[in-house]
Amino acid sequence: MSNEERSPADLSDDEWRDRLSDDEYHVLRERGTEPKFSGDYLDQKADGTYTCAGCGAELFDSETKFDSGSGWPSFYDVVEHGSTGNRTESGDIDDGAVELETDTRHGMTRTEVLCARCGGHLGHVFEDGPDPTGERYCINSVALEFDGDAE
């Protein structure tokens, strides 16, 4: 079975290192964070879709992007891929394109955002976003690729 036929979640650590840049690997696989106000997509205003830099899964639509002033690209909703919005057996929320897990690293409790397809760390979600969801998905630019709409 070739790498293209395998699920991204099944790739070995060495395969991820070969596939990703050092910065992408640090964020997506080691749960790192890029420095505030440094990401390529922070000020991106174009129409399109943001995908996972690890596996290409559609994650966010540009229509849900907003300036939170946090230093990272922020979105108030995820792209729906059959999400239920229900809690999974582990107690996490099924949001379709992403999975949410409790993160207790760094002496605080936050909700971590992971790509549902490959398990890559994307960032965190907070409950201080705008309507209609009240959520702020605070996402590392390096964890994303942007697919602009054709004009």
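Note that these values count all heavy atoms, side chains included, but never hydrogens, waters or copies made by symmetry. Nothing here was measured: the structure is a model prediction, and the numbers come from that model.
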Problem set entry | Test item: Arg110 and Phe126 side chains (from C-beta on) under 4.5 Å apart, heavy atoms | yes
Problem set entry | Side-chain touch Pro73/Phe60, heavy atoms, less than 4.5 angstrom | no
Seminar exercise, completed: Here the pair of heavy atoms bringing Ser62 nearest to Asp47 is OG-CA, 3.2 Å
Problem set entry | Heavy-atom side-chain contact between Arg29 and Leu20 under 4.5 Å | yes
Exercise. In the single-linkage hydrophobic clustering (I, L, V, M, F, W, Y; side-chain heavy atoms under 4.5 Å), do Phe146 and Val78 co-cluster?
Worked result: yes
Exercise. Should the pair Asp103-Arg31 be classified as a salt bridge under the 4.0 Å nitrogen-to-oxygen rule?
Worked result: yes
Exercise. Closest approach of Leu114 and Glu112, non-hydrogen atoms and distance?
Worked result: CD2-OE2, 3.4 Å
Exercise. Nearest heavy-atom pair of Trp72 and Glu34: which atoms, and what distance?
Worked result: NE1-O, 3.0 Å
Exercise. What is the distance from atom CD of Glu58 to atom OG1 of Thr51, rounded to the nearest 0.5 Å?
Worked result: 8.0 Å
For this session: Starting at OH of Tyr50, measure out to CD1 of Ile139 and round the result to the nearest 0.5 Å.
Result: 11.5 Å
Exercise. Atom OG1 in Thr33, atom CD in Glu30: separation rounded to 0.5 Å?
Worked result: 11.5 Å
Exercise. In this structure, are over 12 heavy atoms from other groups packed under 6.0 Å from Glu127 atom CD?
Worked result: no
Seminar exercise, completed: When every non-hydrogen atom of Cys138 is compared with those of Ser74, the smallest separation belongs to CA-OG, 4.4 Å
Problem set entry | Exercise: identify the closest heavy-atom pair between Cys52 and Leu28 | SG-CD2, 4.4 Å
Seminar exercise, completed: Nearest heavy-atom approach of Arg19 to Pro8 is NH1-CB, 4.4 Å
Exercise. What distance separates Glu99 CD from Leu122 CG, expressed to the nearest 0.5 Å?
Worked result: 10.5 Å
For this session: Let me see the working for Glu145 and Tyr41 under side-chain contact (heavy atoms from CB on, under 4.5 Å), right down to the final yes or no.
Result: CA-CA 9 Å; Glu145 295 287 337; Tyr41 299 124; 4.1 Å; yes
Problem set entry | Check: Lys65 side chain, Ala46 main-chain N or O, donor-acceptor pair, under 3.5 Å | no
Exercise. Should Leu59 and Val98 count as side-chain neighbours, where that means a heavy-atom distance under 4.5 Å?
Worked result: yes
Exercise. Are any non-hydrogen side-chain atoms of Leu42 and Phe37 less than 4.5 angstrom apart?
Worked result: yes
Exercise. When the ring centroid of Tyr137 is compared with that of Tyr76, is the distance short of 6.0 Å?
Worked result: no
Problem set entry | Reported OG-to-CG distance for the pair Ser141 and Asp23, which is rounded to 0.5 angstrom | 11.5 Å
Exercise. Do Leu100 and Val113 come close enough that some side-chain heavy atom pair is under 4.5 Å?
Worked result: yes
For this session: Check whether any side-chain heavy atom of Ser70 sits under 4.5 Å from a side-chain heavy atom of Lys36, and report yes or no.
Result: no
Exercise. Is the distance between the ring centroids of Phe66 and Phe75 less than 6.0 Å?
Worked result: no
Problem set entry | Min side-chain heavy-atom separation His121-Asn140 under 4.5 Å | yes
For this session: Enter the distance from His26:NE2 to Ser21:OG here, rounded to the nearest 0.5 Å.
Result: 11.0 Å
Exercise. With distance as the sole test, does Arg117 use its side chain to make a donor-acceptor pair with the main-chain N or O of Cys55 at under 3.5 Å?
Worked result: yes
Exercise. Under 6.0 Å from the CG atom of Asp10, do we count more than 12 heavy atoms belonging to anything else shown?
Worked result: yes
